[in-house]
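A quick write-up on the structure given underneath.
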Protein chains: 2
Amino acid sequence: MYSEKEIEERLSERNIRPTAIRILVLRKMLEMNQDEAFSLLDLENRLDTIDKSTLFRTLTLFHDNLLVHSIDDGSGSIKYSLCKRGCECFGEASHVHFSCTLCHRTFCFEKIAIPRIDLPVGFSYESANFVFKGVCSVCSRSQK
Amino acid sequence: MYSEKEIEERLSERNIRPTAIRILVLRKMLEMNQDEAFSLLDLENRLDTIDKSTLFRTLTLFHDNLLVHSIDDGSGSIKYSLCKRGCECFGEASHVHFSCTLCHRTFCFEKIAIPRIDLPVGFSYESANFVFKGVCSVCSRSQK
DNA sequence: CTGTGTGCAAACACTTTGCAGGTGT
DNA sequence: ACACCTGCAAAGTGTTTGCACACAG
């Protein structure tokens with residue numbers, strides 16, 4: 001589905017040297033649901049040849065080079081999600097997330113931007129994390 | 001400043017049996033800055049006679065009985081803050097928070113409610129966590 | 001006497017680092 | 001030869017639990 005060249009290009013765009021493992025990780029993330037964010041453990045389970053510390057360093061590198069954004073959904077583990085190509089976020093997503101209290105999946109609501117809020121005088125804005133909790137559409141359907 | 005009776009009352013209001021330790025913890029939280037949220041470690045340091053597991057269980061109890069709300073500010077440790085009397089939150093604050101990237105303090109912006117967002121069809125709302133990151137007014141002043 | 005509360009120690013989950021060996025240029 | 005990359009093991013951090021004793025009703 002995704003050619004090696006396509007993936008290498010995407011890494012190079014962000015000044016990430018395309019090693020075998022990085023290509024593997026990026027390919028997997030491209031294949032996974034783009035509207036969901038995954039924890040390190042999620043990825044480890046889907047890429048069981050790769051050591052978790054390597055995965056951690058790979059994701060940290062991806063994050064530092066703005067290829068993925070991270071979300072703290074309050075689950076106790078950080079979730080990662082691929083940035084859209086040409087994404088303007090600076091490591092933290094500029095959109096809202098949703099964390100399902102039943103299946104514990106975290107969804108990216110790409111279309112819902114984090115609203116602008118006027119902070120009190122003296123407080124400067126760097127980034128924001130806006131996460132909803134509730135029951136996702138899949139779980140609420142299967143509960144009926 | 002706060003009478004024993006006042007504090008016991010506040011506990012009883014939430015159906016929390018007023019033990020010596022719980023009174024101590026609540027008093028300390030009342031004495032601390034109400035516009036800030038504190039981690040378990042913060043409280044442990046200010047109440048160094050109390051064991052951290054007792055403190056954990058005390059805060060969990062306070063949280064379950066809606067006396068404090070909790071915030072995940074992305075620092076890796078949960079912060080707690082006293083609910084205002086008669087607060088309508090259900091454990092999660094209904095207002096916005098601000099986490100300073102320099103001093104790492106977390107502020108409650110009680111006056112800024114979390115905005116209402118229309119979630120996609122099928123997703124139900126339970127609670128929300130909205131945290132800004134940046135430099136707080138104290139740090140930005142002292143940097144000049 | 002019984003149930004609740006507390007302190008201590010240890011388990012736990014997730015993240016992060018040190019180091020030694022491997023890889024590619 | 002060199003800088004970078006990877007796997008393994010272990011340390012670190014914050015949260016949570018098990019258990020035995022203390023205390024109040």
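Values below: all heavy atoms of this structure, side chains included; hydrogens, waters and symmetry mates excluded. Letters go in sequence order (proteins before strands), and every chain restarts at 1.
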Carboxylate-amine/guanidinium contact Arg85(A) Glu13(A), below 4.0 Å: yes
Could you state the atom-to-atom distance from CD1 of Ile50(B) to P of dG5(C) in whole Å? 15 Å
What integer distance in Å separates Leu41(B):CG from dT13(D):P? 11 Å
Whole Å only: how far is the CG atom of Leu61(B) from the C1' atom of dT16(D)? 16 Å
Distances under 3.5 Å between nitrogen or oxygen atoms of protein and nucleotides 18-20 of chain D:
from    : atom 1 : to       : atom 2 : distance (Å)
dG18(D) : O6     : Arg57(B) : NH2    : 3.2

For Asp73(B) and dG14(D), give me the distance from atom CG to atom P, rounded to whole Å. 12 Å
Can we say Glu126(A) and Lys133(B) salt-bridge, meaning some charged N sits less than 4.0 Å from an Asp/Glu carboxylate O? no
Quick one: do Glu44(A) and Lys52(A) make a salt bridge, cutoff under 4.0 Å? no
Determine, using ring centers only, whether Tyr125(A) and Phe123(A) are less than 6.0 Å apart. no
To the closest 0.5 Å, what do you measure between CD1 (Ile21(A)) and CG (Leu26(A))? 13.5 Å
Separation between CZ (Arg22(B)) and CG (Leu67(B)), nearest 0.5 Å, reads 11.0 Å
His63(B) vs Ser70(B), side-chain hydrogen bond (donor to acceptor under 3.5 Å, both in side chains): CA-CA, chis, key distance, verdict: CA-CA 7 Å; His63(B) 186 246; Ser70(B) 64; 3.2 Å; yes
Show the nearest heavy-atom pair for residues Arg10(A) and Cys83(A), with the distance to one decimal. NH2-O, 2.8 Å
Distance, rounded to the nearest Å, where Leu47(B) contributes CG and dG7(C) contributes C1': 15 Å
What is the distance, to the nearest angstrom, from the CZ atom on Phe56(B) to the C1' atom on dC12(C)? 12 Å
Distance in angstrom units between Asn65(B) CG and dT4(C) P, rounded: 14 Å
Identify, residue by residue, the members of residues 4-31 of chain A with a heavy atom below 4.0 Å from DNA chain D, and return them in order of residue number, or none. Arg17(A), Thr19(A), Ile21(A), Arg22(A)
Comparing nearest nucleotides in DNA chain D, the 5'-proximal residue of the pair Tyr80(B), Thr54(A) is Thr54(A)
Applying the salt bridge (Lys or Arg N to Asp or Glu O under 4.0 Å) test to Lys79(A), which of Asp73(A), Asp42(A), Asp72(A) qualifies? Asp73(A)
Spacing of Asp48(A) atom CG relative to dG7(D) atom P, expressed in whole Å: 12 Å
